[in-house]
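We name chains A, B, ... by the order of the sequence lines, and we start the count at 1 in each one.
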Amino acid sequence: MEELSKELSKGYEPKEVEDKIYEFWQKTGYFNPDKLPKRCKKPYSIVIPPPNVTGNLHMGHALNATIQDILIRWKRLNGYKTLWLPGMDHAGIAAQNVVEKKLRKQGLSRFDLGREKMIEKIWEWKGEYGDIILNQLKKIGSSCDWSRTRFTLDDEYAKAVKIAFARYYKKGWIYQGERIVNWCPRCQTSLSDLEIEHKEEKGHLWYIKYPLLGKFKKFIVVATTRPETMLGDTGVAVNPKDKRYENLIGKKVVLPLVNREIPIVADRLIDKEFGTGAVKITPAHDLNDYEIGLRHNLGSISIINERAKLTEKVPIPYQGLSVKDAREKVIKDLEKLGLLEKIEDYTHQVPKCYRCNRTIELILSKQWFLKMDKLAGLAIRSIKNKNTRFQPKRWEKPYFDWLKNVRDWCISRQIWWGHRLPIWQCQNKDKQFLSLEKPKKCEVCGKCKPEQISDVLDTWFSSALWPFAALGWPEKTKDLREFYPTNVLSTARDIINLWVARMIFSGDEFIKKEPFKDIYIHATVLTRDGKRMSKSLGTGINPMGLIERYGADATRFGIIWQVTENQDLRFVEDNIVMGKKFCNKIWNASRFVMMQVGKQKLEIKKPKIDAKNLTLADKRILKKLDKTIKDIDANLEKFQFGKAAQTLYDFFWHDFCDKYIEVAKKQDTKETKNTLLYVLLSCLKLLHPFVPFVTEEIYQKLPIKNKEKSLMIEKWSE
RNA sequence: GGGCGCGUAGCUCAGUUGGUAGAGCGCUUCGUUUACACCGAAGAUGUCUCGGGUUCGAGUCCUGACGCGCCCACCA
């Protein structure tokens, strides 16, 4: 007892254990599937959803890391050749924004630096801060194979991106076109629909009188939330079935302030019930209007530029005004002319940039697109055929809904940090061509020195290749053969379409196989009162703080305890406290068992349940243990992490500690000692995926002869 | 406008195919017995949001209502 207590302190002290154990694990090499014992043959793989370089671990990451680590450790203990491949995403706009912000403090913009200098700066920044989140993943105990860490902007990865682009290009699925795109005036780039967030804003609905051509004091009244765009109107539209306007269709109005004659057209898209039933049409700055404009040959006039200022296409007094100023002036001027009928309060959804929260402008712009019809079909088929399954299944629906209505994907961005499109511009003719490397001569004119176009690809274009590019594609690597398709993707619901759908069709397209068998969509972590955790609201909880106060195991256990199939998870710290107590309980129960058994090392054998010299209590605990193992396996198989944790907790605390240990105190037999040690060891294995540190620490101290080097590679149920 | 999830003990949540309501934290009482007070034993606490229906029987199935939250959407 004296000696033991020197070795095992009275309470579990995570701080003295965790870093030491993590280092030990890394030394064993067992995070690397190639270094696992030979008996581990069957591959089991997970690729991490690569966190952004700009990232810091938040509760969502902590939850997801725990989930993935539980799966990996569980399968590793079951003798699988496990690979959990880590990495980071270069996070185009997000990363560039971070560095831009730093520059701004020095009064500089990225344009002051120029492209090359700016990219250099971002790499520098990445070198300095880029590993933070990976280190945080280590802190929480993630057993990733760090030797395989990938970054979505490293050279091999860039090759994969170029090859993928070229394949699409050669199929004719990539095209350039002038379309209405979402434009962020701050980030100075186009954005895909999925990169927009709609926020409710209180605005107004302005009713404006458009005078009918040649009819004195007769008007058609249109309602709009954006009066300033009237300067770019090329028509007015009404519903063809609208009796009120029947005789006006085909007539013309004189656009106020501009004095342009524009037609009244009939289009089925117009809702008779809304506003006045008559709509001003601004094809260059609204998607619906664009379509209507095309149908009726209205033409388009771009009146808002990339900086959200009015262009020279508007009357001189408005040129150069910001959208906001233009709105005020237009209203004032209309009022003066007596053309403003009324103003109503109106709340509506305003599109915002998901990276900087600036209001998005819709503008006409030349961009690159990836055709989605075929690819969306592939993605739908993969789930329909059950080659890949959503867990829980209900997430299929938003996935299908998006894919069925998806528009072509705008893949070009006007930022600098990212994969440049492998497209080159002839200097003599207005023509471009594809070339993966810097071309020796121009493929168009044969004479000029072509220049690579400056656009980069949407970050999600490269993320879409992650499951196979991270395994070495386009090279035919051993890893790709062995670990693709991966077994599980565990991720958050907000990137089902942004990322998951795109990985599925990419995998299908390039490898002819879906990248994962199961897609586990975990709950979103909310605050105690059901609010979103966010930095700006100050409602976030830092998992690193929890680890500091309670230890990594406690944090893992406390989070996972709450994981059910629910969409949301309201985080309560009480559960982490519970986790801490539980770790302490594990520690002390182990201490007791070791005191009972003594220092002499035993050969551990699985006791036979029907052996005669076992007492009723012995038999009972062994039986319950068997059942518990089965339950845990079944729960984890179904991704029911909370239930698994609760089952384990219950067995360990109540069956093993409260009942069996108490009885064992009065049974001083060889069989009981063996059973104590056997059940404890079994529990350590079962507990290890959930609370890896404390269990490994104890394992290392167990007085048994036939021990593995690490608990990580013990045999699950022997 | 469409979709999804939730409403069970003071708080956060379980509750498998319908059969007398459970856990953790908190609370009450007792307990320093060979691990653990980060403990043990015993205990209290619920019109399962509200109507209606199916059923011998509903927290569980159906159907309305109310409340909360999330996502999608080109109603100006």
When the distance from CD of A:Q562 to P of B:C25 is rounded to whole Å, what number comes out?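 Between P of B:C25 and CD of A:Q562: 14 Å.
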d(CG, A:L403; C1', B:A73) in whole Å: 16 Å
Can a side chain N or O of [X] be found less than 4.0 Å away from OP1 or OP2 on [N]?
{"X": "A:Y346", "N": "B:A76", "answer": "yes"}
{"X": "A:H654", "N": "B:G24", "answer": "yes"}
{"X": "A:R394", "N": "B:C4", "answer": "no"}
{"X": "A:N405", "N": "B:C72", "answer": "no"}
{"X": "A:K585", "N": "B:G40", "answer": "yes"}

Could you pull out all donor-acceptor pairs under 3.5 Å where a side-chain atom in residues 561-568 of chain A meets a protein atom, sequence neighbours excluded?
unit_1	atom_1	unit_2	atom_2	d
A:T564	OG1	A:N566	N	3.2
A:D568	OD1	A:R493	NH1	3.4
A:D568	OD1	A:R493	NH2	3.2

Are A:W395 and A:F390 an aromatic pair by the rule of ring centers under 6.0 Å?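 They do not qualify: ring centres at least 6.0 Å apart.
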With hydrogens left out and only the distance checked, is there a donor-acceptor pair under 3.5 Å joining A:E662's side chain and the base of B:A35? yes
Distance criterion of 3.5 Å, no angle test: do you see the side chain of A:K10 paired donor-to-acceptor with the base of B:A35? no
What orientation do A:F582 and A:Y649 show, parallel under 30°, tilted 30 to 60°, or perpendicular over 60°? tilted
When the P atoms of B:G59 and B:U47 are compared, how many Å lie between them, rounded to an integer? 13 Å
Judged by each residue's nearest nucleotide on RNA chain B, which is more toward the 5′ side, A:T564 or A:F592?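 In this pair, the answer is A:T564.
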For A:N566 and for A:K397, find the nucleotide of RNA chain B with the closest heavy atom, then tell me which residue's nucleotide is more 5'.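 So the residue in question is A:K397.
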Could I get the full list of side chain to side chain donor-acceptor pair (under 3.5 Å) partners for A:E16, not counting sequence neighbours? none
Taking ring pair (Phe, Tyr, Trp, His ring centres under 6.0 Å) as the definition, give me every residue that meets it alongside A:F639, ordered by chain and number, with sequence neighbours left out. A:Y520
Lys/Arg N to Asp/Glu carboxylate O, A:D631 vs A:K627, below 4.0 Å: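 Here A:D631 pairs with A:K627 in a salt bridge, since their nearest N and O are under 4.0 Å apart.
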Sorted by number, the residues of residues 262-281 of chain A with heavy-atom contact under 4.0 Å to RNA chain B: A:I270, A:D271, A:F274, A:V279
N/O donor-acceptor pairs under 3.5 Å from side chains in residues 674-684 of chain A, not counting sequence neighbours:
unit_1	atom_1	unit_2	atom_2	d
A:N674	ND2	A:K605	O	3.2
A:T675	OG1	A:E671	O	2.7
A:S682	OG	A:Y678	O	3.0

Heavy-atom closest pair (A:R260 atom, A:G232 atom, distance to 0.1 Å) is NH2-C, 3.7 Å
Just to be sure I follow the notation: if a pair is Watson-Crick (purine N1 to pyrimidine N3 plus N6-O4 or O6-N4) or a G-U wobble (N1-O2 and O6-N3), each under 3.5 Å, what dot-bracket string does RNA chain B give, with | for pairs to another strand? ((((((((.[[[[.)...(..]]]].(((((.......))))).....[[[[[..)....]]]]])))))))....
